[in-house]
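Notes for the one structure printed next.
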Amino acid sequence: IFVTFLLIYLSTFGIETVRFNSLLIDQVQKKDKDINLELKKIKIKLDIKNFKVLILTQTPTIKYKNTNLPFSEIKLFFTVSSLIKSKPYLVRSVIESKMIKIEDFQKILIKTKPSNYKSFVLNRISKGKVKGLLDLSFTDELKVKNFDIEGRLDDTNIKLKDEIILKKVSLDFEAKNNLFLIKNLKANLDKINIENGKIDVINNEEIKVKGSFNSILSLESNDLKNIL
């Protein structure tokens, strides 16, 4: 009866402690030594369904190369057997941020693997703020196996071509492996106000893009020629 009660309590409420702070910090710094992490209390919960241990902390103090990053929550999932053997195996992490300046987000992105998404964010997005939730699953070697990102971009500029720049952009986004979704897109392109935009990008053997938006036009013929 006691064991059953303990399992129910751990899976429902969890326990708060500082004993595993060093474990969480070590796992984060294994991914990137430029990350400095300070924690208060952490909570430990048992995921009975997936036989995992969840270690989570809220409002951690994080610095990346002397840049403060306002994260609201970090969750790390370990296998139960690996913790029992004192050889922690991180299988998943979920990191949620508050609003971050685009230039600070770009500093983090520089360290990631090359991709079309990375190139786009580094070279074509400027100013504004972004917040999001990053869900990563890992292999035995702590390499990213799958990822799921969702978030919000506010008051930013996006360069489509050298002479075509979307301004005052706000949107919600989601990226999952080869799929990238944009919705609730609002922006300004010269004299065009774009609203209720939606774009789907599928990146398999070839990139497929489809989308729609509403707009209000007030253009002279010369303006239209410049945009096209």
Side-chain angles (χ1 to χ4, degrees), residues 27-28 31-32 35 37 43 45 47 49-50 52 54-60 62 64 67-77 90-139 142-158 160 166 168-187 194-204 207-214:
Q27 291 296 316
V28 171
K31 294 297 297 177
D32 196 326
I35 298 176
L37 177 64
K43 178 173 283 189
K45 297 183 72 175
D47 182 354
K49 182 178 178 180
N50 297 301
K52 302 288 188 299
L54 164 62
I55 298 178
L56 66 91
T57 183
Q58 295 181 329
T59 60
I62 302 177
Y64 182 77
T67 299
N68 289 317
L69 302 177
F71 287 98
S72 55
E73 186 174 71
I74 296 177
K75 296 179 181 179
L76 299 180
F77 295 81
L90 178 65
V91 293
R92 181 185 173 204
S93 68
V94 180
I95 302 172
E96 185 173 359
S97 76
K98 301 177 184 178
M99 279 292 185
I100 301 175
K101 292 180 180 179
I102 288 295
E103 53 264 36
D104 291 337
F105 177 69
Q106 289 170 330
K107 292 177 184 177
I108 302 173
L109 201 61
I110 288 174
K111 296 284 289 186
T112 62
K113 293 181 179 180
S115 69
N116 292 333
Y117 301 138
K118 174 182 176 179
S119 176
F120 184 84
V121 173
L122 292 180
N123 299 311
R124 296 185 177 272
I125 295 181
S126 62
K127 74 182 292 273
K129 295 182 178 181
V130 63
K131 70 174 180 178
L133 186 146
L134 175 62
D135 191 339
L136 302 173
S137 58
F138 301 99
T139 65
L142 272 183
K143 294 181 179 180
V144 176
K145 182 169 58 176
N146 291 300
F147 69 88
D148 192 349
I149 306 170
E150 60 183 56
R152 174 81 182 170
L153 190 64
D154 269 333
D155 194 26
T156 190
N157 295 335
I158 300 177
L160 302 180
L166 288 175
K168 298 181 179 179
V169 178
S170 65
L171 56 86
D172 297 316
F173 63 87
E174 181 177 354
K176 186 173 183 179
N177 298 324
N178 295 326
L179 179 65
F180 187 72
L181 307 176
I182 293 175
K183 57 185 179 180
N184 300 322
L185 168 64
K186 293 184 179 180
I194 298 172
E195 297 182 352
N196 299 321
K198 179 182 178 182
I199 301 173
D200 297 350
V201 180
I202 301 174
N203 186 9
N204 290 320
I207 297 177
K208 296 182 180 179
V209 181
K210 64 178 181 179
S212 63
F213 61 88
N214 298 328

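The shown structure was predicted, so the numbers you read here are calculated from the model rather than taken from an experiment. Excluded from the calculations below are hydrogen atoms, water molecules and symmetry mates; all remaining heavy atoms, backbone and side chain alike, are included.
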Do Ile100 and Lys129 touch side chain to side chain, with heavy atoms closer than 4.5 Å? no
If you apply the rule salt bridge (Lys or Arg N to Asp or Glu O under 4.0 Å), what do you find for Lys168 with Asp155, and how did you get there? CA-CA 5 Å; Lys168 298 181 179 179; Asp155 194 26; over 6 Å; no
| task | Would you indicate whether the side-chain heavy atoms of Leu185 and Val169 approach each other to under 4.5 Å? | result | yes
So CD1 of Ile182 and CD of Glu174: to nearest 0.5 Å the spacing works out to 11.5 Å
Between the CD atom in Glu96 and the CG atom in Asp135, the distance rounded to the nearest 0.5 Å is 11.0 Å
Heavy atoms of Val121 and Gln106 approach each other most closely as O-NE2, 2.9 Å
With heavy-atom distances below 4.5 Å as the criterion, would you say the side chains of Ile199 and Phe180 are in contact? no
One should read off an interatomic distance between Arg152 CZ and Leu171 CG, to the nearest 0.5 angstrom, of 7.0 Å
Ala187 and Leu166 have their tightest heavy-atom pair at CB-CD2, 4.1 Å
Tightest non-hydrogen contact, residues Lys98 and Lys131, listed as O-CB, 3.4 Å
Output for pair (Ile125 CD1, Ile102 CD1), nearest 0.5 Å, gives 6.0 Å
Rounded to the nearest 0.5 Å, the CG atom of Leu76 sits from the CD1 atom of Ile74 at a distance of 7.0 Å
Does any N or O in the side chain of Lys49 come within less than 3.5 Å of the main-chain N or O of Asp47, such that one atom is a donor and the other an acceptor? no
Polar side-chain atom of Thr59 near backbone of Ser72 as donor-acceptor pair, under 3.5 Å: no
(message) Does any part of the side chain of Phe173, heavy atoms only, come nearer than 4.5 Å to the side chain of Val130, both counted from C-beta?
(response) yes
Working note: Lys101 + Asp104, criterion salt bridge (Lys or Arg N to Asp or Glu O under 4.0 Å); need CA distance, chi angles, decisive distance, verdict. CA-CA 5 Å; Lys101 292 180 180 179; Asp104 291 337; 5.7 Å; no
Pro60 and Phe71 have their tightest heavy-atom pair at CD-O, 3.6 Å
In terms of heavy-atom contacts, Phe77 and Leu54 come closest through CZ-CD1, 3.7 Å
- Which is it for Asn184 and Lys186 under the side chain to side chain contact (heavy atoms under 4.5 Å, CB included) test, yes or no, and what are the steps along the way? CA-CA 6 Å; Asn184 300 322; Lys186 293 184 179 180; over 6 Å; no
| Quick check: does any side chain N or O of Ser137 sit under 3.5 Å from a backbone N or O of Asn146, one acting as donor and the other as acceptor? | yes
Are Thr139 and Lys145 close enough that a side-chain donor and a side-chain acceptor fall under 3.5 Å? no
May I have the step-by-step check of side chain to side chain contact (heavy atoms under 4.5 Å, CB included) for Lys43 and Ile55, ending in yes or no?
CA-CA 6 Å; Lys43 178 173 283 189; Ile55 298 178; over 6 Å; no
Taken to the nearest 0.5 Å, the spacing of Arg92 CZ from Leu90 CG works out to 11.0 Å
Quick check: do Glu73 and Thr57 have side-chain heavy atoms less than 4.5 Å from each other?
no
